[in-house]
Amino acid sequence: LRAAYEPALEALAPVMAAEVGQIGAYRVLTAAVGAGDPETARAAADRVLRPATDSLLTALAALADAPTLADYNAAMVLETEHKTLNPALLRPGVERAIAQPQAARYYLADIDSQVVGQLMVTCEWSDWRNGDFWWIQSVYVIPAARRGGVFRALYEEVEQLAAAAGAVGLRLYVETE
């Protein structure tokens, strides 16, 4: 197992955190297996493994969106800053953000199973406020979906998530150069 997990630990750590911290649930599972109680073991296994499984499936789905996110980032920078990004850096950068949600997290809007908008959130610690500011950046909505409430829906979702997480503020990053 170690040989299989060790190379992927950095990417798996945030995904598996929900599972690893459940010592009590693991004890219930172990006791149920030892007692030959399949119903309790099944329920305990679901309680232990479901959060990590859901998180892993979400991360895998996000990885499937990596090409679209990279394309949208490239389009956004070309449109707003008239710059062309290096695809050899951009795609791995997007994949790293997906694999490390503590560094950055993408939020997507889709219509009829097509991603039509995105934004990315990074956090900045404020010692003055003893909490995180959530910075919104890498905002892009495809031209055909603009003025249709896509950004508003993304913003409102992030605003609710930030409040629930105890963020001390929400800020929109704007490039001025």
key: Side chain proximity check, L108 to V116, heavy atoms < 4.5 angstrom   = no
query = In terms of hydrophobic clusters joined by side-chain contacts under 4.5 Å, are L78 and V174 together?
reply = no
inquiry  = Please say yes or no: joined through hydrophobic side-chain contacts below 4.5 Å, possibly via intermediate residues, are V28 and V48 part of one cluster?
reply    = no
message = Whether the side chain of Y140 engages the backbone of V77 through a donor-acceptor N/O pair (distance < 3.5 Å, no angle test) should be reported.
response = no
request  = Kindly give the heavy-atom pair with the smallest separation between P92 and P87, and that separation in Å.
outcome  = CD-O, 3.9 Å
task = Take the angle between the ring planes of Y173 and W135 and call it parallel below 30°, perpendicular above 60°, tilted in between.
result = perpendicular
ask   = Is L85 reachable from M120 through a run of I, L, V, M, F, W or Y residues, each pair having side-chain heavy atoms under 4.5 Å apart?
value = yes
request  = Over all heavy atoms of both residues, which pair between A32 and A41 is shortest? Give the atoms and the distance, please.
outcome  = CB-N, 3.5 Å
inquiry  = Counting only heavy atoms not in D127 (residues, nucleotides, ligands), do more than 12 fall under 6.0 Å from its CG?
reply    = yes
request  = Take R96 and I98, measure what side chain to side chain contact (heavy atoms under 4.5 Å, CB included) needs, and give me the verdict at the end.
outcome  = CA-CA 5 Å; R96 183 173 178 191; I98 291 168; over 6 Å; no
key: From R42 atom CZ to L29 atom CG, the distance as rounded to the nearest 0.5 Å   = 11.5 Å
request  = Kindly say whether W134 contributes a backbone atom to a donor-acceptor pair with the side chain of D132 at under 3.5 angstrom?
outcome  = no
key: Spacing of CE belonging to M76 relative to CG belonging to L119, to within rounding of 0.5 Å   = 10.5 Å
request  = Nearest 0.5 Å please: distance from the OG1 atom of T122 over to the CZ atom of R105.
outcome  = 12.0 Å
Could you give the side-chain donor-acceptor pairs of residues 143-170 under 3.5 Å, partners two or more places apart or in another chain?
from : atom 1 : to   : atom 2 : distance (Å)
R146 : NE     : V141 : O      : 2.7
R146 : NH1    : E79  : OE2    : 3.0
R146 : NH2    : E79  : OE1    : 2.9
R146 : NH2    : E79  : OE2    : 3.3
R146 : NH2    : V141 : O      : 3.0

task = Please report the shortest heavy-atom distance between A25 and A44, naming the atom on each side.
result = O-CB, 4.3 Å
With N73 via side-chain hydrogen bond (donor to acceptor under 3.5 Å, both in side chains) - residues at least two apart = Y106, Q118
ask   = For Y107, what residues pass the ring pair (Phe, Tyr, Trp, His ring centres under 6.0 Å) criterion, not counting sequence neighbours?
value = none
task = Say whether, by atom type as modelled, one donor and one acceptor occur between the side chain of D65 and the main chain of T68 under 3.5 angstrom.
result = no
